[in-house]
Chemist: 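Sharing a structure here in structure tokens format.
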Amino acid sequence: MTEKKTNFIRDIIDEDLKTGKFDNRVHTRFPPEPNGYLHIGHAKAICLSFGIAEDYSGAKCNLRFDDTNPTKEEQEYIDSIIEDVKWLGFEWDNLCYASDYFQQMYDFAVDLIQKGKAYVCDLSGEEIRKTRGTLTESGENSPFRERSIDENLDLFERMKNGDFPDGSKVLRAKIDMAHPNLNMRDPVIYRILHAEHPHTGDKWCIYPMYDWAHGLEDSIENITHSLCTLEFEDHRPLYDWFLAELETYRPQQIEFARLSLNYTVMSKRKLKQLVDEKFVLGWDDPRMPTISGLRRRGFTPESIRDFAERVGIAKRDSVSDIALLEHCLREDLNKRTERRMAILDPLKVVITNYPDTKTEELDAINNPEDESAGGRKIPFSKEIYIERADFMENPPRKFFRLGIGREVRLKHAYYITCNDAIKDENGEIVELRCSYDPATKGGWSDDGRKVKGTLHWVDISHAIDAEIRLFDRLFSAENPDAEDDFRNAINPDSLTTIIGKIEPSLKNAEIGENFQFLRNGYFCVDKDSTAEKIVFNRSVGLRDSWAKKNKN
RNA sequence: UCGGGGAUCGUCUAAGGGUAGGACACCUGGUUUUGGUCCAGGCAGUUGGGGUUCGAAUCCCUGUCCCCGAGCCA
């Protein structure tokens, strides 16, 4: 987390502040549609708009639900969005709903009709599409375009009163059917929808379209800089046109490139599909790029905000590397998490020269990056587990771990030397016989003897079983969107569940708590944990230059 | 094809007439009771072609490529 980077949007705000364009106010907003859970791409937008409000003195940012389409929106999504924004650590100045302005929007529409700039059109959806023209040919005027103002007023009111069925009529702005920007070809601004709305119930049966609603929301809330993604660039002329025609306050819309990440998908539609079709456990599945998924995975708000900072804001399309997100997490967790020992793939070790019934309490430091984290005691006795991968019968060059006749350090404990490997009838190693050097307690020797490897371990008699969920990327293709069907790119091995052996101090770990399991990675306690069974998610592995070296 | 945007190391992002810089990734080496962290170093870029200029990533001309747009979605 270095110092705040600037970007072209902040440059514009700086300039506006210099010229006094908005009376030196800065007021942004984050306007999600509650039709799904927020994802890391939204986090970027949240950090942008809320971040500006945090950094400019006196600046504000609203959280506003763009709830103009009751057929797709749900209270569950509203709740999750509120939780996610809070969790990221942002505070809004006003919590707003577009639906709170439905009456004002209606009045504005009446105003537009009275100005002769809007009309009720009886064309069907199909007919509207056909008469809109194409990218290269202009459209043709609706036969209803020249209705009188009085007739339009009457019809629109009756639309509002529920006199007409869904789809039978719309209100359209009267602009220019030959406009090269399709959005300006008499866009629909109200449609009839007899649907139950999460906030207004059945009060309304006509609902405003995005283009009509959004600018009005911004204007009503006195937003100064309305930040949105690139695909709305073509809508800006319409945004400006409406507010100009209505002669009302006009904020400035600025577009930036949305966040894309490799090895994942980011559209709410596709994420919803993954949930609905049970490819994942839910919106908060730790493999999902949703904020709730990342939270459950063990990400911290700080790491996500740092990531948003580092990817920056620009206008060119880009795909950020998931490795950067992981880096931000590791960097944050390295500083703050306590170390623990856990064995993911246990191999029994018997220390033959250690007293049969003795148990020692050894001192272990909690976090070498943070002295204030203190230490803890860990039990040690004759039988322990180590990682299966930490022993090799025929070790290659540069293998620093255990082998027959090799000596290594057990972290915080003793040096041990392996004397024998015991195999079962299938030839699989089931146990190691080692001897320890009592003079190396704590992991030091006085004689200057060096060991190259240090292993983590867990005492068998005190070990606790834990369910450990190891995640791999959800998609095996770098760009799942490029597939014919993104579901074909789903990685069948994205979740591996194992039973690991963890040190006893982890017994009372709380849900959501993060740890570094020495040499294994960062893990956090999943909400599925119970009194009988603790469940850990691997948030991200440690960097592993040994594994990397041996890849090929 | 019409309109709107955009092209800088592998990736993301700075520099907007004056030494193309940072981060991630990757590669070396050092330190280390985590093959982690940390430290030092390295690799690597201005979309092509013209022009203006003492000097161009930046200004001009001209190509090329990419993205968005024809929902009663947002």
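Order of the sequence lines sets the chain letters (A, B, ...), proteins ahead of strands, with each chain counted from 1.
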Chemist: I'd like to know whether CD of E361(A) has more than 12 heavy-atom contacts from other residues, nucleotides or ligands below 6.0 angstrom.
Modeler: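 It does: E361(A) CD has more than 12 such atoms within range.
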Chemist: Looking at every strand, decide which applies to I128(A) at a 4.0 Å heavy-atom threshold: base, sugar-phosphate, or nothing.
Modeler: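 Base, at least one base heavy atom under 4.0 Å.
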Chemist: So T71(A), base contact, sugar-phosphate only, or nothing? Heavy-atom distance under 4.0 Å.
Modeler: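 It contacts nothing in the nucleic acid.
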Chemist: Between protein and nucleic acid, restricted to nucleotides 4-7 of chain B and to nitrogen or oxygen atoms under 3.5 Å apart, what atom pairs and distances do you find?
Modeler:
unit_1 : atom_1 : unit_2  : atom_2 : d
G5(B)  : O2'    : E233(A) : OE1    : 3.3
G5(B)  : O2'    : E233(A) : OE2    : 3.4

Chemist: Is there a donor N/O on one and an acceptor N/O on the other, under 3.5 Å, for the side chain of R401(A) and the base of G35(B)?
Modeler: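 Looking at the base of G35(B), it does pair with a donor or acceptor on the side chain of R401(A) (distance under 3.5 Å).
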Chemist: Quick one: label H456(A) by what it contacts on the DNA or RNA (base, sugar-phosphate, nothing), any heavy atom closer than 4.0 Å.
Modeler: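 Result for H456(A) = nothing.
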Chemist: Given atom OH of Y190(A) and atom C1' of G71(B), what is their separation to the nearest angstrom?
Modeler: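 Value for this atom pair: 18 Å.
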Chemist: Report which part of the nucleic acid F399(A) touches: base, sugar-phosphate, or nothing (heavy-atom distance under 4.0 Å, all strands).
Modeler: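 The answer is base, as F399(A) lies within the cut-off (heavy atoms under 4.0 Å) of a base atom.
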Chemist: Heavy-atom count check: over 12 atoms from other residues, nucleotides or ligands less than 6.0 Å from D447(A) CG?
Modeler: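 Correct, the count exceeds 12.
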Chemist: Quick one: which of G71(B), C27(B), A74(B) gets closest to the side chain of T68(A)?
Modeler: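 Per side-chain heavy atoms of T68(A), the pick is A74(B).
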Chemist: Counting N and O atoms only, with roles assigned by atom type, does the side chain of D67(A) sit under 3.5 Å from a partner on the main chain of S99(A), one being a donor and the other an acceptor?
Modeler: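 It does hold such a pair.
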Chemist: In whole angstroms, how far is the P atom of U8(B) from the CZ atom of F8(A)?
Modeler: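 Result: 15 Å.
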Chemist: Among the candidates G36(B), C26(B), C72(B), find the nucleotide nearest to the side-chain atoms of P368(A).
Modeler: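 Nearest nucleotide to the side chain: G36(B).
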Chemist: Which is true for T134(A) with a 4.0 Å heavy-atom rule: it touches a base, it touches only sugar-phosphate, or it touches nothing?
Modeler: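 Here T134(A) touches the bases of the nucleic acid.
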Chemist: Nearest-Å distance, CD (E33(A)) to P (G71(B))?
Modeler: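 E33(A) atom CD is separated from G71(B) atom P by 18 Å.
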Chemist: Between A257(A) and G453(A), who's closer to the 5' end of RNA chain B by nearest nucleotide?
Modeler: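 That would be A257(A).
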Chemist: Nearest-nucleotide wise, let me know which of H412(A) and Y522(A) is further upstream toward the 5' end of RNA chain B.
Modeler: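 That would be H412(A).
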Chemist: Is atom NZ of K270(A) surrounded by more than 12 heavy atoms (other residues, nucleotides or ligands) closer than 6.0 Å?
Modeler: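 Yes, the 6.0 Å shell around NZ holds more than 12 heavy atoms from other groups.
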Chemist: Go through U34(B), C24(B), C72(B) for me and flag the one nearest to the A323(A) side chain.
Modeler: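 Looking only at heavy atoms from C-beta outward on A323(A), the closest nucleotide is C24(B).
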Chemist: Choose from U37(B), C68(B), G35(B) the nucleotide whose nearest atom is closest to any side-chain atom of N334(A).
Modeler: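 The nucleotide sitting nearest to the side chain is U37(B).
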Chemist: NA contact type, R132(A), heavy-atom cut-off 4.0 Å: base, sugar-phosphate, or nothing?
Modeler: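 Sugar-phosphate, no base atom in range.
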Chemist: Take the protein atom CG of D306(A) and the nucleotide atom P of C12(B), then report the distance between them rounded to whole Å.
Modeler: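 Checked: the CG to P distance equals 18 Å.
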Chemist: Side-chain donor or acceptor of Q516(A) under 3.5 Å from a matching atom on the base of U34(B)?
Modeler: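 Answer is yes: a donor-acceptor pair is held.
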Chemist: Give the dot-bracket line for RNA chain B from 5' end to 3' end: parentheses for intra-strand Watson-Crick or G-U pairs under 3.5 Å, square brackets for crossings, | for inter-strand pairing, dots for unpaired.
Modeler: .((((((..((((....[..)))).(((((.......)))))....(((((..]....))))))))))).....
Chemist: Taking atom types as they are modelled, would you say the side chain of R339(A) forms a donor-acceptor pair with the base of U34(B) within the 3.5 Å cutoff?
Modeler: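 Flag set: donor-acceptor pair detected.
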Chemist: Do E503(A) and S505(A) have a side chain donor and acceptor closer than 3.5 Å?
Modeler: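 Side-chain D/A pair, E503(A) to S505(A): present.
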Chemist: When you compare the ring of Y210(A) with the six-membered ring of A74(B)'s base, are the centres less than 5.5 Å apart and the planes under 30° from each other?
Modeler: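 One would not call Y210(A) stacked on the A74(B) base.
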Chemist: Answer with base, sugar-phosphate or nothing: what part of the nucleic acid does F232(A) contact at a heavy-atom distance below 4.0 Å?
Modeler: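 The residue F232(A) makes base contact.
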Chemist: If you check the N181(A) side chain, which of G3(B), A14(B), G35(B) turns out closest?
Modeler: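 Nearest nucleotide to the side chain: G3(B).
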Chemist: Looking only at the side chain of P180(A) (C-beta and beyond, no hydrogens), which of the listed nucleotides G3(B), C27(B), G35(B) gets closest?
Modeler: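 Nearest to the side-chain atoms of P180(A), counting from C-beta on, is G3(B).
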Chemist: Under a 3.5 Å threshold, yes or no: a donor from one side chain and an acceptor from the other, between D218(A) and Q253(A)?
Modeler: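 Distance-only check fails for D218(A) and Q253(A).
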Chemist: Can a cation-pi geometry be assigned to R473(A) and Y263(A), taking NZ or CZ under 6.0 Å from the six-membered ring centre and within 45° of the ring axis?
Modeler: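 Flagged: R473(A) positioned over aromatic ring of Y263(A).
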Chemist: Of all the choices, C73(B), G71(B), G69(B), which nucleotide is nearest to the side chain of L135(A) once you look at every atom?
Modeler: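 Nearest to the side-chain atoms of L135(A), counting from C-beta on, is G69(B).
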Chemist: Round to a whole Å and report the spacing from CD of E387(A) to P of U34(B).
Modeler: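 It works out to 16 Å between those atoms.
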Chemist: Select one nucleotide: of U13(B), A74(B), G36(B), the one nearest the side-chain heavy atoms of R543(A).
Modeler: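 Side chain of R543(A) sits closest to G36(B).
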Chemist: Specify the separation, in whole Å, of atom CE of M184(A) and atom P of G71(B).
Modeler: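 Between P of G71(B) and CE of M184(A): 17 Å.
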Chemist: Any chance the side chains of E76(A) and Y37(A) put a donor and an acceptor closer than 3.5 Å?
Modeler: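 Yes.
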Chemist: Tell me: CG of D321(A) to C1' of C12(B), nearest whole Å?
Modeler: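 So the CG-C1' distance, D321(A) to C12(B), works out to 9 Å.
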Chemist: Please check if the side chain of E73(A) supplies one atom and the backbone of H197(A) the other of a donor-acceptor pair under 3.5 Å.
Modeler: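 Not at all, since once roles are kept as given, no pair shorter than 3.5 Å links the two residues.
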Chemist: May I ask you to say what H179(A) touches in the nucleic acid, namely base, sugar-phosphate or nothing, with a heavy-atom cut-off under 4.0 Å?
Modeler: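 Nothing, no nucleic acid heavy atom in range.
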Chemist: By the 4.0 Å heavy-atom rule, please label K452(A) as base, sugar-phosphate, or nothing.
Modeler: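 The answer is nothing, as K452(A) stays clear of every strand by at least 4.0 Å.
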Chemist: Considering all heavy atoms of both residues, which atom of F307(A) and which atom of S320(A) are nearest to each other, and what is their separation?
Modeler: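 Distance-wise, the nearest heavy atoms are CZ-CB, 4.4 Å.
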Chemist: Hey, is CZ on R258(A) packed in by over 12 heavy atoms from elsewhere, all under 6.0 Å?
Modeler: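 No.
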Chemist: Hey, does P31(A) reach any base, or is it just sugar-phosphate, or nothing, if we go heavy atoms under 4.0 Å?
Modeler: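 If one applies the 4.0 Å heavy-atom cut-off, P31(A) turns out to touch nothing in the nucleic acid.
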Chemist: Whole angstrom is fine here: how far is it from CG in L333(A) over to P in G36(B)?
Modeler: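 It is 17 Å, rounded to the nearest whole Å.
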Chemist: Within 90° of 0 counts as syn, otherwise anti: where does G71(B) fall?
Modeler: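 Base orientation relative to the sugar is syn.
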Chemist: Taking atom types as modelled, is there a side-chain donor on R29(A) or S226(A) under 3.5 Å from an acceptor on the other?
Modeler: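 There is such a pair (donor and acceptor under 3.5 Å, judged by atom type) between the side chains of R29(A) and S226(A).
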